[in-house]
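Just below is one structure, and these are the notes that go with it.
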Amino acid sequence: IKENIDKFQNILADEKIEKYGFNLKEKIVQLKMKNVELKGNLFDIAIARYVTGHNIFKKDIFSMVEEYRRILKENNQEYLFYKVEMPLTEVLAWMEINGIRVDVEYLKNLSRQLSGEIKILEDKIYKEAGEVFNINSHQQLSKILFEKMKLPPVKKTKTGFSTENSVLEELSKLHPLPKLILQYRELHKLKSTYVDGLLSYVNKETGKIHPTFNQIITATGRLSCSNPNLQNIPIRTEKGSMIRKAFCPSDNNIFYSFDYSQIDLRILAHLSEDEKLMEAFFNDKDIHTETAQIIFPPDSLFSSGYTDKEKRRIAKTINFGIIYGMSPYGLSKELNITPEEAKVFINSYFEKFKGVKKYIEKIIKEAEKNGYVSTILGRRRYIPELKSEDKNQREFGKRVAINMPVQGSAADMIKVAMNNIYEYFRKRKLKSKLVLQIHDELLFDVYPEEEEEIRENVKKLMENAIKLKVPVKVEVKKGPNYLELE
DNA sequence: GCGATCACGTA
DNA sequence: GTACGTGATCGCG
């Protein structure tokens, strides 16, 4: 291999020679590790298939490229493919090589501490249950809870009774055992997936974790991350968020986080041109509070039963629900109310946000007519479910039609930003590194001397990646680790 | 060893 | 209600 690389180095490094291939990121990473640059325009067949949704096969790669070029042109996806996805491949390769440092000693300590706490909980659980059993086994846990203790099963699964969070929450009112199971689950998840799991991925050479960023997996255009997945590091509970403290910049550097603020709803405002939604963003309002004030007008009868805080929580849930193509049933479950009550909230929302209502109707019609929906940059998702015999499948198809253009356009935007940031870093020969992308957030390992210019310029590059009909806002935070950012 | 199932972490 | 990836168990082989 070494000899071959030497032999072809001139070709690999030649900017005028295009490179065709399948999963080129892998090759870029392998070459980069041997300090060999791969230059010239790239054409990745796997990414062309992902973007076009066509599965072309021909005897040689040249005819395949030729056919994909034709389809990309026909679909109006040339900008998306050549100017967004192909350049991004190199950015992702860079990120994978950069990796992210973790404090191994801290995690090892956390592991020991969790072991102790888990042991204590196990003893309490066995005592309450009156026997020793495998707490991680749904079957065994079900037997204990619903047969031995005779607690009422609230919810079913395909194979038996559910023991999920919300069920155990409900059962805690009747018996101390469910609460202990919940505590056990939280700690066990943290230890196995995040503490011990992450430790097993630390690279011996670099002392860093180098995950894989998958470019051709998701149905919406988002990235995914695996081995390990660093896009789902806990934050919601206090114990969980302690995992974030383990992620830190390399020596003497500072962590910077750049976060798109309410990007999904801004994109919805852009796509729907809804008057009230646009106005809220132009006036830089807290969008959930603003939504609450709009759907619960002060003089309205049905707003009187709730505190301001409750109204904001409901409005926030509805805002999320809108993006997911919510049904009264779905919203009712989330808010713990009846579907009829949920229906009232939804009606009130659509009465005020008429533009959003019209947009949703329009996008569903369009999806039914074309068989697919698109993002701002022309990324497509075909939705065969809309033609299904099954009503549930068709309803699912409608929710997808609502959600994909929003989620996917946000993905378009951050991808453009990442490319522009990479180009900027190269031009300026900056040493700082992009280490993570978490859908609407970018995390950097920053050298102190580059702090100022990066803070200003990354923010601008993100805010100006794609121009919307509403302002785009990026929040900048910094700190000594992934937990303590401000 | 592998896939299905369940549960649960994130945006 | 959207989009993902991982760990543990269990039953098949």
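By convention in this document, chain letters (A, B, ...) are assigned in the order of the sequence lines, proteins followed by strands, and residues within each chain are numbered from 1.
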>> Which residue in the set A:Leu230, A:Val435, A:Asp259 passes side chain to side chain contact (heavy atoms under 4.5 Å, CB included) when paired with A:Leu443?
In response: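 Looking at A:Leu230, A:Val435, A:Asp259, the match for A:Leu443 under the side chain to side chain contact (heavy atoms under 4.5 Å, CB included) is A:Val435.
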
Choosing from [options], which nucleotide comes nearest the side chain of [X]?
{"X": "A:Ser137", "options": "C:dA3, B:dG9, C:dT9", "value": "C:dT9"}
{"X": "A:Tyr324", "options": "C:dT2, C:dA8, B:dG9", "value": "C:dT2"}
{"X": "A:Asn214", "options": "C:dT9, B:dA11, C:dG5", "value": "C:dG5"}
{"X": "A:Ile217", "options": "C:dA3, C:dG5, C:dA8", "value": "C:dG5"}
{"X": "A:His188", "options": "C:dA8, C:dG1, B:dA7", "value": "C:dA8"}
{"X": "A:Ser192", "options": "C:dG7, C:dG1, B:dT10", "value": "C:dG7"}
{"X": "A:Asn165", "options": "B:dC8, B:dA11, C:dG1", "value": "B:dC8"}
{"X": "A:Ala219", "options": "B:dT10, C:dT6, C:dC4", "value": "C:dC4"}
{"X": "A:Thr193", "options": "C:dT2, C:dC4, C:dT6", "value": "C:dT6"}

Quick check on [N]: is either OP1 or OP2 less than 4.0 Å from any side-chain nitrogen or oxygen of [X]?
{"X": "A:Gln139", "N": "C:dA8", "value": "no"}
{"X": "A:Arg222", "N": "C:dA3", "value": "no"}
{"X": "A:Arg236", "N": "B:dA11", "value": "yes"}
{"X": "A:Ser224", "N": "C:dG5", "value": "yes"}
{"X": "A:Arg381", "N": "C:dA3", "value": "yes"}
{"X": "A:Thr163", "N": "B:dA7", "value": "yes"}
{"X": "A:Thr157", "N": "B:dC6", "value": "yes"}
{"X": "A:Lys333", "N": "C:dG1", "value": "yes"}
{"X": "A:Asn134", "N": "C:dT9", "value": "yes"}

> Is there a side-chain hydrogen bond (donor to acceptor under 3.5 Å, both in side chains) between A:Thr212 and A:Glu96 once you walk through the steps?
Replying inline: CA-CA 6 Å; A:Thr212 303; A:Glu96 289 182 10; 4.8 Å; no

>> If only side-chain N and O atoms count, and only distance matters, is there a donor-acceptor pair under 3.5 Å linking A:Tyr422 with A:Glu90?
In response: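 Side chains of A:Glu90 and A:Tyr422: pair found under 3.5 Å.
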
>> Could you tell me if A:Ser388 and A:Gln393 have a donor-acceptor pair between their side chains, going purely by distance under 3.5 Å?
In response: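 Looking only at side-chain atoms, A:Ser388 and A:Gln393 do not form any donor-acceptor pair under 3.5 Å.
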
What about [X], does its side chain sit under 3.5 Å from the base of [N] through a donor-acceptor pair?
{"X": "A:Asn232", "N": "B:dG9", "answer": "yes"}
{"X": "A:Glu334", "N": "C:dG1", "answer": "yes"}
{"X": "A:Arg185", "N": "B:dA7", "answer": "no"}
{"X": "A:Gln407", "N": "C:dT2", "answer": "yes"}

Within the 4.0 Å heavy-atom criterion, would you say [X] contacts the bases, only the backbone, or no part of the nucleic acid?
{"X": "A:Thr237", "result": "nothing"}
{"X": "A:Val400", "result": "sugar-phosphate"}
{"X": "A:Ile323", "result": "nothing"}
{"X": "A:Ile235", "result": "sugar-phosphate"}
{"X": "A:Phe396", "result": "sugar-phosphate"}

> Can you find a pair of side-chain heavy atoms, one from A:Lys391 and one from A:Arg394, that are under 4.5 Å apart?
Replying inline: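 Heavy-atom side-chain distance check passes, below 4.5 Å.
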
Once you round it to whole Å, what is the distance between [atom2] of [N] and [atom1] of [X]?
{"X": "A:Asn229", "N": "C:dA3", "atom1": "CG", "atom2": "P", "answer": "16 Å"}
{"X": "A:Lys189", "N": "C:dG7", "atom1": "NZ", "atom2": "C1'", "answer": "6 Å"}
{"X": "A:Ile233", "N": "C:dT6", "atom1": "CD1", "atom2": "P", "answer": "11 Å"}
{"X": "A:Lys415", "N": "C:dA3", "atom1": "NZ", "atom2": "P", "answer": "16 Å"}
{"X": "A:Glu385", "N": "C:dT2", "atom1": "CD", "atom2": "P", "answer": "11 Å"}
{"X": "A:Asp196", "N": "B:dG9", "atom1": "CG", "atom2": "C1'", "answer": "16 Å"}
{"X": "A:Ile383", "N": "C:dA3", "atom1": "CD1", "atom2": "C1'", "answer": "14 Å"}
{"X": "A:Met326", "N": "C:dG1", "atom1": "CE", "atom2": "C1'", "answer": "8 Å"}

> Hey, is A:Lys459 close enough to A:Glu463 for a salt bridge, meaning N to O under 4.0 Å?
Replying inline: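 Yes.
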
> So, A:Lys478 and A:Glu486, do they make that salt bridge, N to O below 4.0 Å?
Replying inline: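 Salt bridge flag = no for A:Glu486 with A:Lys478.
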
>> Taking the ring centre of each residue, are A:Phe258 and A:Phe444 less than 6.0 Å apart?
In response: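 That pair passes the under 6.0 Å test.
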
